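Below, each value reflects all heavy atoms present in this structure, side chains not excepted, and no hydrogens, waters or symmetry copies. Protein chains get the first letters and strands the later ones, always in sequence-line order, with residue 1 at the start of each. Quick caveat: nothing in here was measured; it's all calculated off a predicted structure.
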Amino acid sequence: MRIEEIQFKNFRKYVDTSIRFEKADNDIHAIIADNGVGKTTFLNAMTWCLYNEEPKIKDKKEALPTLNTDVSNNSENSKEEASVSLIISDNGDRIVYKRSDIYKIHSVNSKYYEDYGKREELIDQDFSVTEIIDNVSNIIRDEETCNEYVSSFIPESIKEFYFFDGEQLDNYFLSSSNIQDQVFTLSYIFLLDSMERRLKQKEREFRNKGSSNEKSDDKLKELNDMIDTIESEKDRLNKLTKAYNDKSAELDELMTSLGTVPSLTKLEEKREKKETLKSNHEKIIKEREKSLMDLIIKESPKILANKAFEKSMELIQTKRGQEDFIYQIDEDILTDSIEECSCKVCDRLLNDELIEYIKDKKAKLYLISPEEKVLKKHDKDFKNSLNISKKYLDEEKRLLNDISTSNETIDTLEEEIQQAYNTVKVHENERTSINKRDELVKILPEKKSELDKLSDHIKDLESQKNKIEKEYDKLCIKEKQNLDTIAKRRLCQESLKVIEKVKNDIMDETRQSIEDSTKSKFFELIRKTKAYSNVKITDNYEVKLFDENNRPALSSASASEKELLALSFTLAIHSISGYESPLVVDTLLARTSGVQRTNVAQGCLDVSKNKQILLFLLDDEYTKPVQDLFKANNVIEYNLIESESEKDLTIKRV
Amino acid sequence: MPNPKSNHFYIEKNYSDFFNNSKILNADRTEAVTKRENFLLLAALGYYCGFRTEFENSRAKASDIFVMNQLRDNELSLLYAIAIAETGDLEVVNDDFKVADIAMEFANTGIIELQKIEKSKKRNEIKRFQAYIHDVISELK
């Protein structure tokens with residue numbers, strides 16, 4: 001299927017114009033315009049015609065009327081129509097989709113204008129599909145049938161894969177759960193879902209019919225309760241699994257985009273600890289410096305006066321050597337001992353002979369001098385002061401070592417603190433993403449464990465249910481009634497198992513097909529085959545790209561490579577869905593430059609051999625090399641030309 | 001001349017500002033800075049310089065910094081050693097006033113020397129004084 005022509009009538013700036021897309025070797029059509037001229041209106045006209053929806057207008061109530069302003073200004077109390085017709089060709093047959101808004105134009109004096117502040121009142125909307133086979137037209141206006149025709153061109157549920165904004169291309173990699181839902185639609189899994197629901201309903205009916213007495217009724221109630229519990233737990237598990245998968249995908253994406261950026265919160269905590277440590281070392285330095293001053297003030301006098309101590313000691317030793325000093329013997333002790341006839345040192349009684357001996361000694365010996373009494377008291381200090389230098393140097397070395405170690409530690413800490421500050425500063429604008437990543441890293445294992453527990457719990461419930469079911473069957477069989485119902489119930493159960501398996505197989509096959517197709521298309525477009533080794537689509541429909549060493553490489557891929565990957569993935573979806581409809585892309589080349597831009601343009605040319613592509617380009621992105629490439633390949637160009645009043649425009653084929 | 005009968009320790013009035021503001025003598029310590037300890041350092045430094053500096057003014061005009069009986073035994077040992085070495089007479093220890101006089105005159109010399117150390121531009125005061133002590137230790141070896 002391809003778009004053959006689009007006709008506009010009074011649709012915003014497109015007053016009365018049309019565009020024909022003639023097929024050439026390369027079915028690629030470049031529509032070029034500057035910003036604000038009417039590219040987006042063109043795209044919106046197409047989606048509005050098919051789905052009554054304009055992608056870039058979120059709030060319909062806030063949107064301007066589809067009717068051209070000039071038409072509205074020049075009318076009063078009349079009916080005017082804005083319409084877009086999309087003419088599709090399909091193997092010689094043609095289908096015309098036409099949507100019209102019918103407005104009543106009120107005067108500025110009307111009550112409508114007074115109430116709503118505008119003159120255009122939308123009074124009706126018409127949507128029709130005209131099928132032209134062998135020149136015979138058949139107009140369809142029934143809404144349901146019209147929608148079926150739209151779905152046969154591009155189903156609304158997957159329209160994002162056909163009409164998209166090039167600047168948002170790689171966002172496809174970020175919304176995997178959305179892709180998964182759309183693949184469910186493409187794979188017709190919903191049909192199996194409805195079969196499953198129906199079979200479950202029948203199984204319950206047969207189960208309820210099996211009971212024929214009070215005893216079995218009780219067992220049936222128990223069984224039904226258990227089945228309800230299991231169903232509700234399974235629902236919960238599905239919701240939790242989906243939430244878990246979404247979060248996992250979000251984490252993967254954050255991991256990819258953030259690379260090895262550390263946790264800023266942890267980094268700040270570490271930095272604060274280091275600042276505390278630094279402050280402790282600063283305190284240590286201050287303390288050691290004070291101790292050093294203690295040492296200097298208290299001990300250096302002994303060093304400075306070392307010679308005085310030496311000289312004094314020499315004098316004392318000389319005097320002691322000459323026995324000028326008497327030690328231990330005190331004149332009073334000798335006198336008292338003689339007078340009391342007993343030794344005042346050992347209390348021994350003294351005989352005359354001993355008394356005479358002491359008298360003799362007393363007469364011969366010098367008594368202790370007052371200076372010796374003083375010096376004796378300081379003897380130890382004198383001796384210690386002589387050896388103070390080594391003690392001083394050792395203590396000083398210890399204190400200086402401590403200071404030096406702390407200074408080195410402070411230097412290292414300051415460097416680490418500064419690094420932490422710099423890292424935080426560099427990544428400040430990513431803080432929200434980083435915090436989100438850290439939070440997910442923390443909570444996902446907990447969520448996984450919750451899921452595992454819930455799965456185990458469901459298994460337990462299933463085994464309890466099987467037990468109850470057997471007991472219930474026994475009771476039913478005992479009654480020898482409803483054997484046929486039991487058989488039907490079991491058939492339903494077996495069918496359910498088969499459907500579940502088929503569902504899983506289809507999902508696997510679909511995913512595998514998308515992966516194979518994406519991979520082959522990507523390597524066909526990329527040209528740099530050596531840079532990348534593989535493309536994978538995970539169970540959660542995340543697109544993963546691997547480099548030559550089989551390492552994840554999506555985050556390091558260039559913008560053009562990402563666009564080519566997105567394009568490959570999109571085309572894979574086209575191929576798997578069976579809807580080989582045209583691809584309409586807005587500003588595909590804007591995010592790339594230089595050779596990369598030409599590569600993407602070349603990729604589009606390659607694709608356009610088998611598929612119609614409508615490419616909306618800004619003047620800026622339609623650079624000379626791209627123009628040369630397109631001209632060399634006979635790409636048809638169209639310019640959107642705005643009138644001087646800027647209220648209408650025409651489409652001119654170049 | 002200072003009053004020989006006083007057991008008070010003084011420093012020359014002209015040096016009192018330096019004594020109270022010297023960066024070395026007033027550097028932070030783990031214990032409170034005491035005038036007594038600072039005086040002992042100055043006396044030892046003066047002794048190391050090898051000469052005494054007499055008071056220019058009468059002791060009445062000098063700055064009273066502490067009294068003899070505030071000295072601890074180990075501090076007294078230093079003053080005794082200096083006095084003995086200076087007089088060559090052990091009996092000097094029996095005359096506290098003389099011991100004090102000798103110490104005060106050496107302290108005056110110590111102040112002059114410390115002023116020189118602090119005035120030097122190389123490194124900071126503390127490091128200069130540390131280097132000075134290291135030189136003394138090397139000399140002793």
Taking [options] one by one, which has the highest count of heavy-atom pairs under 4.5 Å against chain A?
options: B:N38, B:L25, B:L140; value: B:L140
options: B:V33, B:D28, B:I24; value: B:D28
options: B:T30, B:V93, B:L41; value: B:T30

Taking the side chain from [X] and the backbone from [Y], do they hold a donor-acceptor pair closer than 3.5 Å?
X: A:S449; Y: A:P445; result: no
X: B:R36; Y: B:M68; result: no
X: B:T109; Y: B:T53; result: yes
X: B:Q70; Y: B:V67; result: yes
X: A:T423; Y: A:Q419; result: yes

Give, as side chain, backbone, both or neither, the part of [X] having an atom under 4.5 angstrom from any heavy atom of chain A.
X: B:L42; answer: neither
X: B:D73; answer: both
X: B:L45; answer: both
X: B:F129; answer: side chain

Option in A:E396, A:K307, A:K286, A:K377 with maximal non-hydrogen atom pairs under 4.5 Å from chain B: A:E396
When A:K302, A:E287, A:K298 are compared by non-hydrogen pairs under 4.5 Å with chain B, the top option: A:K298
Please state whether the side chain, the backbone, both or neither of [X] comes within less than 4.5 Å of a heavy atom of chain B.
X: A:L295; answer: neither
X: A:I388; answer: neither
X: A:K311; answer: side chain
X: A:S385; answer: neither

Pairing of A:E372 and A:K319 as salt bridge, 4.0 angstrom limit: no
B:K116 and B:E113 ion-paired at < 4.0 Å: yes
Identified ring pair (Phe, Tyr, Trp, His ring centres under 6.0 Å) counterpart of B:F106 within the set B:Y48, B:Y47, B:F9: B:Y47
Donor on one side chain, acceptor on other, A:D381 and B:S77, under 3.5 Å: yes
